[in-house]
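Please read these numbers as outputs of a predicted model, since none were measured by experiment.
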Amino acid sequence: MPVHVLSEGAGPGAQVPKHLSCVSIALISTSTNFSDKTVKGKVLRKCPLVSSASGDFILKIIIQEEVSPPDASPQNPSINVILFGAIAKDFDGAVNQGDVVVAAGFTVGKSPTVQKDKLHPFNLLLRGDSACIYVSPPPPPVSRSSPAAKRISSLSAEVSRKTKVPKYTYVGLGDLTAGSVVNVYGVVVFFKQPFKTRGTDFCSSLKITDQSNEKISCSIFCEKLEDHPKIYQIGDIVRLHRVKVQLFNSSMTLVKTFGFSVMAFDGAVGGSMEPRTSSRSFSFDQEDRKRVEELRSWASDQSLLPPSPTMPLCDVQPKAYFDLTCQLLAKAPIDSTCTLLRVWDGTRSAHTLLKVIVEPDATEGPSSFPPERERLIANILAYDNHVEYARQLKPGEFLRIYNLRAIPGSSKVPGLTSSQKELDHLAFHLHGGNAFGRGIRVLPEDCPDVQEMKRVMEACPEDDEDDFSALNDSELMEIWSTPPESIEPSLLRAQIPESARGEDAETSESINTDCSSSTERRCDHDTHSVSLSEVKRSGPAGVHHVRVQLKSYEPQKLHQSLKLYCSKCSTLQEVPDDEMLAGLFSEASRDSGPFSPPDWAVSGQVDVPGNPPGSKTRTLGVHLSTEFMYKQLLFLMGSSLEETCVLSSGYQNIVPVRSSGGQLTLLHPSAPFLFRGTRTYYGCERCSEAAVREPVCAGGGRILDEKIIAEALGVVPLRFVLLMKLELRDVSDSLHVFLWRSAEEFFGVSAEDAAANQEAQDIISQSMDSLCPAGGSTAERPWMDLCLTKYQSVDDDGLNQICYQISHSTFTRPSAPPNPTVSASQR
DNA sequence: GATTAGGCTTTG
């Protein structure tokens, strides 16, 4: 049996063989032989057991080295351990999170997920007869449970020694006398996270209250952050020991004095009684418990507590100040006074969130996410004093950010694309200073608000990029301007040196000495790279990792790779060209019969400046919704395509309309239903039931966006997508694959941006130039590590065909020099 | 056994 459960202590049962020596996780690498070594660690995470159709099993766990003292820092090395086959299944039944395990007989492999999980660059692999793993449950009396249980056990130890512990007396906040040193309880009505003072300490500023209704300010000065009160929100309860009462500005205030200590508690009735404290020993008895409960219950009846400014992203309105509970996904310095924090809370704002473009190299954490996730990400700009604090944050951490400002539109933010500056994106700023409690706090994972947020995050729809069945390959072929040529195997072979003509991965890797890659896989699959010929020979569906070069791609004109996709009927269509659109506008402007404008609209006229300047100015008919302010929404009649574009720089939303059958109707099903700055929006001809209706915005001040307008007009909007066909090669074979569902992730650019701005288009063309430079031989092109999904679809004749798509892979730009062609380092 | 700050009507 490769899995042994060790007994507690030195009793009978399996023991780790004495001849094996334990090696630190930090020392794991592929350059050492580990056959007589073990690795020991505590199980931080156990992933679900994966079983394959063929009856095989895979289990992944993450273990962390345990060091003494027991309050190990989170920097202790953690490593992925992957178990294959029977050991995976047996171990799954024998281990729990928190157990300590000793692995032996493992091999070491490169971790494909190191960029993503930031864990150890290598994985431990356990498979076959030599693999062995020993499990020890955590020692008693602390059962395998939460840290809370440990606390309570140390706490009861404290209680049992209570004869030695001085009995504390607490003074009500209404009975303070200046000059005395007291112990108090209170409910927090205002707080500032610890901030650096001009002296030697950090200062926490609190205002607390109790049944006396007095509101007392407290100043806590401590050099170490961990000694400060751990306050998460208004309503939390604090217990302060040894604070001095001082009269300041004719009010009583409390200031920390020698022997000071603090505990904080959740303020919710029925909430956790676990005190937040850094003290290793503390007193806490039934009377304390009673006081906390009394304050909770008193505060719950009080309307005097200020309302909590905490809200999820979906509830944030422009201009609001609010507190946000979130998870940090990535961060990047913008300049010396500003840091970008990319966060999410699992909810989606009705407003478009500001995107900030930063160099992928400058980003800590992933530099891009699948589009579904990108839409949930709020970009926060933290200024001045918060930059220093933000530097210490790690992606993955749970945060509460206090007094964030939601700013509609945007301002002079470095890194914004020009088109973004015009639109009504929501930007989030954490202004400098600590007024209004501005600041950031890392929340522990077991905090109830974090638990609640994680439930919301888990309910988020998974990225739909793996759903390849919605659109079959023949549809992709149909819209393809140049059908792919078939490959003559003999031609292909002629290009490959005789010595290098291998059919397996080993051969392929043996001649590929360049280990750099222009792409990065972002998937979780634990699978080795295989050759393209193996991919072709494999079953009809599956995921494969390959190391390949780009032989060719289509379309060469990159604008042709932009398509319009309807998520409702899963159809893909070409973006209409300007000539065709100009024709639609011109045709509509010619036959404008009599019609009665809708009663909600005010009719008027708008002047379109002539081109060239000085030439005749044209006057066009417009209809404005009375609901919306001037410039917000304009129904425009009789304009040319060019005039519409000119006007869209001055009006936020332009809906081109015409008269038809005495009614105001949209211009044409194929024409954009909306012009917004440099962006145009199209609707699905098949799914839309368009009519000119007035948008209704619930709540004052809500900013019109394309979604609200599309909904009002009965239009099912089409989404811009990118679609390319790449021909990949390695020494074994070549293969045509699509870059489609993952194209935005691959380039780190949204298709919508690519349709609207040159910068985004440049990123795509530079990426392709780098992978497939003009001239030079194919052999010199950069290598790419890709994840390929192989799948089956049915063509129009009902025949199965095999298709491939690139998934979970991103292009990584050559760092220096910033030359779009392939750099020497990649040869 | 000094010193820090002493919320606040914010705005890149």
Next on the checklist: According to salt bridge (Lys or Arg N to Asp or Glu O under 4.0 Å), does anything in residues 196-218 of chain A pair up with another residue at least two apart or in another chain? List the pairs.
Outcome noted: none

Pairs of donor and acceptor atoms involving the side chains of residues 174-182 of chain A, under 3.5 Å and at least two apart or interchain, shall be tabulated with distances.
unit_1 : atom_1 : unit_2 : atom_2 : d
A:T177 : OG1    : A:S180 : OG     : 3.4
A:S180 : OG     : A:T177 : O      : 2.6

Checklist entry - Ignoring hydrogens and angles, are the base of B:dG12 and the side chain of A:H429 linked by a donor-acceptor pair under 3.5 Å? => result no

Next on the checklist: Of the options B:dT11, B:dA5, B:dT9, whose atoms approach the side-chain atoms of A:F436 most closely?
Outcome noted: B:dT9

Checklist entry - Any donor-acceptor pair under 3.5 Å joining the side chain of A:D384 to the base of B:dG12? => result yes

Checklist entry - Among all residues two or more places apart in sequence or in another chain, which pass the side-chain contact (heavy atoms from CB on, under 4.5 Å) test with A:T347? => result A:P312, A:L313, A:C314, A:D345, A:V456

Next on the checklist: Taking A:R391 first and then A:E388, would you say they form a salt bridge - that is, a charged N and a carboxylate O separated by under 4.0 Å?
Outcome noted: yes

Which donor-acceptor pairs under 3.5 Å do the side chains of residues 246-262 of chain A make with protein atoms, sequence neighbours left out?
unit_1 : atom_1 : unit_2 : atom_2 : d
A:T253 : OG1    : A:Q246 : O      : 3.1
A:K256 : NZ     : A:F221 : O      : 3.3

Checklist entry - Nearest to the side chain of A:A435 - B:dC8, B:dG7, B:dT10? => result B:dC8

Next on the checklist: Between P on B:dT4 and CD on A:Q246, what's the gap in Å once rounded to a whole number?
Outcome noted: 11 Å

Checklist entry - Rounding to a whole Å, what distance do you find between A:K256:NZ and B:dA2:C1'? => result 12 Å

Checklist entry - Between B:dT10 atom P and A:L381 atom CG, what is the distance in whole Å? => result 21 Å

Checklist entry - According to the ring pair (Phe, Tyr, Trp, His ring centres under 6.0 Å) rule, which pairs have a member within residues 289-332 of chain A, sequence neighbours left out? => result A:F322-A:F428

Checklist outcome for this item: Contact check, residues 193-210 of chain A vs DNA chain B, heavy-atom distance under 4.0 Å, returns A:F195, A:T197, A:R198, A:G199, A:T200, A:D201, A:K207

